[in-house]
Amino acid sequence: MRFSTRAVRTGEDSDKGDVVMPLHLSSTFSRKKVEEFKYEYSRTGNPTREAAEKKLASLEGAKHGLAFASGMAAETSIILALLQKGDHVIASDDLYGGTRRLFTLFRKFGIDTTYVDAKDSSRVKEALRDDTRMVWLETPTNPLLKLCDIKEISDLTDAFVVVDNTFASPYLQRPLRLGADIVVHSTTKYINGHSDSVGGAVMTDDIRLHEDIKHVQNAAGAILSPFDSFMTARGAKTLSLRMDKHCENAARIARYLEKHDKVKEVIYPGLDSHPQHDLAKKQMRGFGGMISFRADPKILSRLKMISLAESLGGVESLIEHPASMTHSAVPKEEREKIGITDDLIRLSVGIEDAEDLIEDLEQAL
Ligand SMILES: *Cc1c(COP(=O)(O)O)cnc(C)c1O
């Protein structure tokens, strides 16, 4: 089955004939005999969560999928399962702030992280050590939308390559096919897509990695609740429709902003001016719904419809100021060094009519 068919159909087959996998809230499950059971306790296994896990795995083209209480819970579970004291990690320097905070937390357990500008694969190569166990990549990054070459980096190393695929979504990019070992998502963003559920997911083709992470899912217990599993599976059904519209709207808005004399720079992987436009064409099926641009941050309070809010990937357009919002924890000097200046604005383009979004930006600018 193809992508949109899998998005709609996979995981919905309940044995009672429901067209939609029902919401199974039961915390425990009875059995006929002690040794015969499918489900025992809901943390360990739940039919609604398993349905969502199957659907998410199929969207990523993966053999196995696991759903967690948040993107951060998914990331924590990967690290707990696969790393130990003395291990070294290489990570993209322009990493999601929460992921960086998590690696800082794991430093006290003896896990050391080196940050490199992964858009240049040779930087990853130079940072490899004998004890490097994991390479953690994000592409495109947040908020500067830098890309890294997943295939080239995966070919460099035997260490586990983990790709945070949140910004692209599985519709636009399949890291496992490009050689990554594990894909992680904040399903809170494009996969659920309606700004009404927080969740995370981990996908892999490797049964041993899957079993190890599943062990932590049960042992540490940061599972996606049945209700959020239901919401996430429901949201994921329209992923291809939404992503096509996000991409179409973002391309129009990027071109509009690029021509505007109050806008100094537009960063969007779909523009010829993006330094890695060719890699984006090679590695992604479309260029996504995220745009960053440089303009007077006063426009943020003049917008009438576009919401000033953190997060991204929902049907509604959200705009934010990284320096004082999502990336305020990064010291100013470091921010400026990597390009998160005070005039940088990040726009998560929704699926409203592009004309309405452009009119709102126009009156604000
Ligand atoms: C939001 C986000 C996360 C964290 O996910 P939560 O669901 O908020 O825990 C991780 N990575 C990226 C790229 C994100 O955008």
Side-chain angles (χ1 to χ4, degrees), residues 49 52 56 60 65-80 89 91-106 113 115 118-119 134-148 150 162-173 175 180 182-203 217 220-225 227-229 231-232 235-236 239 243 246 269 284 288-292 309-314 318-320 322 325-330 338 340 346-350:
R49 189 176 84 233
L56 299 184
E60 202 64 59
L66 293 167
F68 293 87
S70 67
M72 294 322 301
E75 297 187 9
T76 304
S77 301
I78 295 171
I79 296 169
L80 282 174
V89 178
S92 321
D93 59 359
D94 181 24
L95 207 59
Y96 175 72
T99 307
R100 210 173 166 128
R101 184 170 57 198
L102 185 63
F103 280 122
T104 304
L105 191 66
F106 271 100
T113 305
Y115 296 98
K119 77 174 186 299
M134 187 178 277
V135 177
W136 192 289
L137 305 172
E138 213 177 292
T139 178
T141 59
N142 173 20
L144 295 165
L145 305 170
K146 287 197 288 187
L147 274 65
C148 66
I150 298 170
V162 180
V163 176
D164 183 334
N165 204 24
T166 301
F167 264 43
S169 90
Y171 182 63
L172 300 181
Q173 177 169 276
I182 295 172
V183 169
V184 63
H185 275 282
S186 167
T187 59
T188 314
K189 318 294 167 56
Y190 287 107
I191 290 181
N192 179 65
H194 294 74
S195 308
D196 52 11
S197 162
V198 172
V202 175
M203 271 70 84
Q217 184 193 38
I223 47 160
L224 191 62
S225 74
F227 182 71
D228 286 293
S229 298
M231 294 294 278
T232 303
L239 184 63
M243 290 317 295
H246 283 297
M284 302 172 73
M290 299 300 297
I291 300 173
S292 289
E310 299 194 3
S311 198
L312 59 112
L318 304 178
I319 201 161
E320 67 112 4
M325 294 171 69
T326 49
H327 292 69
S328 59
V330 183
I338 59 178
I340 307 175
R346 187 190 79 180
L347 175 62
S348 170
V349 180

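Scope of the values below: all heavy atoms of this structure, side chains included, with no hydrogens, waters or symmetry mates. Keep in mind that what you see is a predicted model, and the values were worked out from it rather than measured. Just follow the structure's listing: the first ligand is 1, and inside any ligand the first atom is 1.
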Short N or O separations between ligand 1 and the protein, below 3.5 Å:
residue  : atom   : partner : partner atom : Å
ligand 1 : 5 (O)  : S186    : OG           : 3.0
ligand 1 : 7 (O)  : G71     : N            : 2.9
ligand 1 : 7 (O)  : S186    : OG           : 2.8
ligand 1 : 7 (O)  : T188    : OG1          : 2.8
ligand 1 : 9 (O)  : G71     : N            : 3.0
ligand 1 : 9 (O)  : M72     : N            : 2.9
ligand 1 : 11 (N) : D164    : OD2          : 2.7
ligand 1 : 15 (O) : K189    : NZ           : 2.7

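With 3.5 Å as the limit, one finds no donor-acceptor pair spanning the side chains of T187 and N192.
Legend: residues meeting side-chain hydrogen bond (donor to acceptor under 3.5 Å, both in side chains) with S77, ordered by chain and number and at least two apart, are absent. By the side chain to side chain contact (heavy atoms under 4.5 Å, CB included) test, A180 is found to be paired with I150, V161, V163, P175, residues two or more places apart in sequence or in another chain being considered. For F167, there are no ring-ring contact (aromatic ring centres under 6.0 Å, His included) partners, not counting sequence neighbours.
Aromatic ring centres of Y190 and H246 lie closer together than 6.0 Å.
A donor-acceptor pair is defined here as one N or O able to donate and one able to accept, closer than 3.5 Å; no such pair exists between the side chain of R49 and the backbone of D228.
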